[in-house]
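To start, the structure itself, in structure tokens.
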Amino acid sequence: MDLNPAQYDAVNTLSGPLLVLAGAGTGKTRVVTYRIAELIRNRIRPDRILAVTFTNKAADEMQQRAAALLGKRPKVRPEMSTFHSLCVRILRRHIQQLGYPSAFAIYDRGDQEGVARSVLREIKGGDALLRPGDLLYLIGRWKTAAVRPEQAAALAETDKEHLGAAAYRRYQNALKAAGSLDFDDLLLCTEELLTQFPKVRRAEADRFDHLLVDEYQDTNGSQYRIVQSLAADHRNLCVVGDDDQSIYGWRGAEVAHILRFKNDWPEAKVVRLEVNYRSTREILAWSNRLIAFNKLRHVKTLRATCSGESPRVRQLKDEIEEAKFVVADLADRIARHRRRPKDFAILCRTNEQPRSFEMELRRANIPYVLMGGMSFYDRKEIRDVLAYLKLLANPADEVSLLRIINVPARGIGQTTVKTLLDAAIHAGKPMWELLPKVREVPGLTATAVQAVERFRTMIERFRRQMKEQSPLQVVKTLIRDVSYKDELTRLYSEADEQEARWASVEEVVNAVAGYSHRATDPTLAGFLQEVALTANEAEDDKESKLERNAVALMTLHAAKGLEFPEVYMVGMEEGTLPHHRSVADAGASVDEERRLCYVGVTRAQRRLTLTLALERRKWGKSRPTHPSRFLYELTGQADNPNYQRVQHGQKPQRR
DNA sequence: GACTCGAGTCCCGCC
DNA sequence: GACTCGAGTC
């Protein structure tokens with residue numbers, strides 16, 4: 001094994017708590033995977049090892065590396081998953097204890113908005129004071145701080161927060177009534193099960209003898225406590241992290257967790273990795289200069305092992321020119337420097353930035369993979385089909401019911417829906433349970449009653465089919481029987497668009513087929529849970545296999561833990577990086593943006609290019625921009641008067 | 001009840 | 001720019 005002494009130490013500390021404080025590019029993942037291999041070599045059963053990561057991408061990456069290291073031999077593999085999928089598995093086994101069905105649905109952002117909207121409407125004047133987005137923001141903040149609905153009122157100060165607290169209670173009740181959890185609930189409910197039910201905790205802790213957590217600096221409160229509960233008995237806990245790369249503060253991550261590790265596990269061994277194998281001396285010099293501007297950090301001395309060319313900064317007219325420059329540069333590297341598409345990454349701050357790059361890459365015929373962003377599952381037609389499936393899996397799922405009750409139009413209009421909804425609220429039951437007695441609901445026309453009954457009969461029929469047929473068959477029949485294809489032709493006049501949208505509907509069918517193939521006991525609920533957890537990678541399945549060799553186009557958040565020979569960091573402007581929302585709230589937010597920039601810069605192995613556009617289109621309007629303050633910090637120009645100017649939103653001046 | 005049109009809003013990041 | 005929502009019309 002070609003490991004340096006510190007790495008070797010970390011790899012071979014096989015039992016007891018271990019903290020690996022590792023800077024960027026020091027071989028963290030290598031240590032984790034080698035350690036797993038070493039455990040197996042020491043006769044630890046692979047399926048007794050659990051490795052937890054934050055993103056699916058990171059889990060895949062680790063799985064691949066481990067497979068390469070272990071060979072194809074072991075039939076049983078160590079379990080590698082994200083926190084969220086780990087929670088889903090635990091919840092499937094025990095969530096009945098909390099009064100939820102084991103086939104619970106996972107609500108994504110769109111579903112959450114649906115619940116938030118109806119909850120606010122129920123409260124008098126609620127929808128005037130708070131918008132669904134504002135409410136979800138408040139709820140998100142409370143949930144990441146593990147504040148329960150009944151505690152929120154005491155913490156509320158403003159009118160909006162008081163209303164929010166009341167709405168939070170209703171929101172939570174609505175979710176529970178629908179047998180659904182949002183992403184935060186996955187963590188919170190798992191935490192509750194593990195801390196309130198000793199039997200559950202013991203059963204889950206007993207499943208593994210070794211627990212490894214990557215990117216430990218990004219654990220939030222719930223994740224922290226879940227880790228504590230699972231490792232408390234065997235104490236074979238290995239965590240790996242870097243405080244300079246903590247970029248999930250906005251969802252409750254606390255660097256304190258990694259700093260506190262030695263207190264939590266007094267017998268813990270601490271290993272520091274400080275030799276950077278990834279980047280050139282030149283790239284490292286830039287990143288070290290940058291991160292030194294953060295005051296609250298563990299000072300590390302990262303040493304480089306090779307040198308190369310100096311990073312570059314390029315300034316372009318607008319985001320179109322920026323994309324043209326990057327793609328032309330990259331095409332030239334492929335043509336004349338024998339680079340392959342997969343050697344490149346284009347990293348950006350927000351999900352809207354990739355658009356112009358996608359266009360250019362397509363024009364230049366260079367394969368690329370887009371990670372994240374407007375997900376496949378955010379498209380209207382996909383959401384419609386999935387809403388049908390969710391309703392079949394769980395008729396109490398009111399968000400889905402309301403979404404498709406009249407899609408395609410079947411004569412159940414707004415008035416009818418509102419009447420039904422009022423009656424359901426009055427009766428204190430989910431709307432679905434009211435439908436068999438729709439004749440008794442006052443105020444409905446005879447045609448409306450008929451339409452509702454036809455709808456209910458149809459759904460019931462599919463639910464019966466579900467018991468006899470495979471999910472795949474049911475999905476196919478369903479799409480045909482509701483004439484969804486006709487709906488698309490009706491809705492969209494262009495033949496191209498009709499086809500594209502129909503193609504994505506077929507993609508869902510393929511996804512169900514793929515899932516049925518993989519799963520041991522395929523169910524509709526299982527498929528939907530998987531979809532919720534891997535929403536962004538749906539197309540990846542198909543594409544990454546076809547085009548493994550592709551330029552990676554992704555956000556900085558998605559890039560964490562990855563590395564590329566050549567990196568383009570684009571949109572290096574005030575307002576984009578640092579993002580204007582972070583600049584607006586004072587204090588530590590900009591530090592997190594700086595860490596984000598640091599993460600980006602340290603992804604590059606050999607060649608780094610930073611670009612900025614002098615004007616950028618946003619919401620249809622083009623606006624002038626200013627260079628990011630981080631450019632001055634990276635290049636050691638903090639004494640440049642323009643550095644002060646851009647920080648205050650002023651135009652830099654030529655000298 | 002379905003359809004059309006214009007106004008208003010949205011978006012930071014991940015699972 | 002793209003999407004959603006409500007008002008107004010058929």
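Since the structure is predicted, the reported quantities are computational estimates derived from the model, not experimental observations. Labels below follow one simple rule: chain letters A, B, ... track the order of the sequence lines, proteins then strands, and each chain is numbered from 1.
- For Arg439(A), the CZ atom sits in a loose shell: 12 or fewer heavy atoms of surrounding residues, nucleotides or ligands are nearer than 6.0 Å.
- Heavy atoms of Tyr248(A) sit under 4.0 angstrom from primed sugar atoms or phosphate atoms, though from no base atom.
- To the nearest angstrom, C1' of dT9(B) lies 15 Å from CG of Leu136(A).
- Counting any heavy atom pair closer than 4.0 Å across all strands shown, Arg490(A) reaches sugar-phosphate atoms only and no base atom.
- Minimum atom distance to the side chain of His580(A) is reached by dC12(B), of the listed dC12(B), dG13(B), dA2(B).
- Side-chain N/O atoms of Thr555(A) include one lying less than 4.0 angstrom from OP1 or OP2 on dC14(B).
- Comparing His579(A) and Asn406(A) by the nucleotide of DNA chain B that holds the closest heavy atom to each, the one mapping nearer the 5' end is Asn406(A).
- Phe183(A) and His84(A) have perpendicular rings, their planes meeting at more than 60° on a 0 to 90° scale where under 30° would count as parallel.
- Counting non-hydrogen atoms of neighbouring residues, nucleotides and ligands closer than 6.0 angstrom, the CZ atom of Arg148(A) reaches no more than 12 such neighbours.
- For Leu491(A) and dA2(B), the CG to P distance is 13 Å, given to the nearest whole Å.
- Between Thr447(A) and dG1(B) there is no side-chain polar atom (N or O) within less than 4.0 angstrom of OP1 or OP2.
- Side-chain N/O atoms of Asn351(A) include none lying less than 4.0 angstrom from OP1 or OP2 on dC12(B).
- Taking the six-membered ring where the residue is Trp, the centroids of Trp250(A) and His579(A) are separated by 6.0 Å or more.
- When all heavy atoms are compared, the tightest approach of Ala451(A) to Gly411(A) is CB-O, 3.8 Å.
- Nucleic acid contact class of Thr576(A) (heavy atoms, under 4.0 Å, all strands): none.
- Ranked by how close their nearest DNA chain B nucleotide is to the 5' end, Arg109(A) and Gly413(A) are led by Gly413(A).
- Set against dC15(B), dC12(B), dC14(B), the side chain of Asn56(A) has dC15(B) as its closest nucleotide.
- One can place CG of Leu562(A) at 14 Å from C1' of dC14(B), the figure rounded to the nearest angstrom.
- Test Glu319(A), Glu321(A), Glu322(A) against Thr611(A) for side chain to side chain donor-acceptor pair (under 3.5 Å) and you get one pass: Glu322(A).
- Cation-pi geometry between Arg595(A) and Tyr598(A) is not met at under 6.0 angstrom from the ring centre and within 45 degrees of the axis.
- The listed nucleotides are dC14(B), dC12(B), dG1(B); the one nearest the side chain of Thr416(A) is dG1(B).
- Within the 4.5 Å cutoff, side-chain heavy atoms of Ile346(A) are placed close to those of Leu361(A).
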So which protein nitrogen or oxygen atoms get under 3.5 Å of nucleotides 5-10 of chain C's nitrogens or oxygens?
residue, atom, partner, partner atom, Å
dC5(C), OP1, Arg117(A), NH1, 3.2

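- Between the CD1 atom of Ile320(A) and the C1' atom of dG1(C) there is a distance of 13 Å, rounded to whole Å.
- Across the protein-nucleic acid pair, Arg131(A) atom CZ and dC10(B) atom C1' stand 9 Å apart, rounded to whole Å.
- Stacking between Trp250(A) and dG13(B) is present: the aromatic ring centre lies within less than 5.5 angstrom of the base six-membered ring centre, and the two planes differ by under 30 degrees.
- The nearest whole Å value for the distance from the OH atom in Tyr137(A) to the C1' atom in dC11(B) is 14 Å.
- Between Leu420(A) atom CG and dG1(B) atom P there is a gap of 10 Å when expressed in whole angstrom units.
- For Leu596(A) and dC14(B), the CG to P distance is 10 Å, given to the nearest whole Å.
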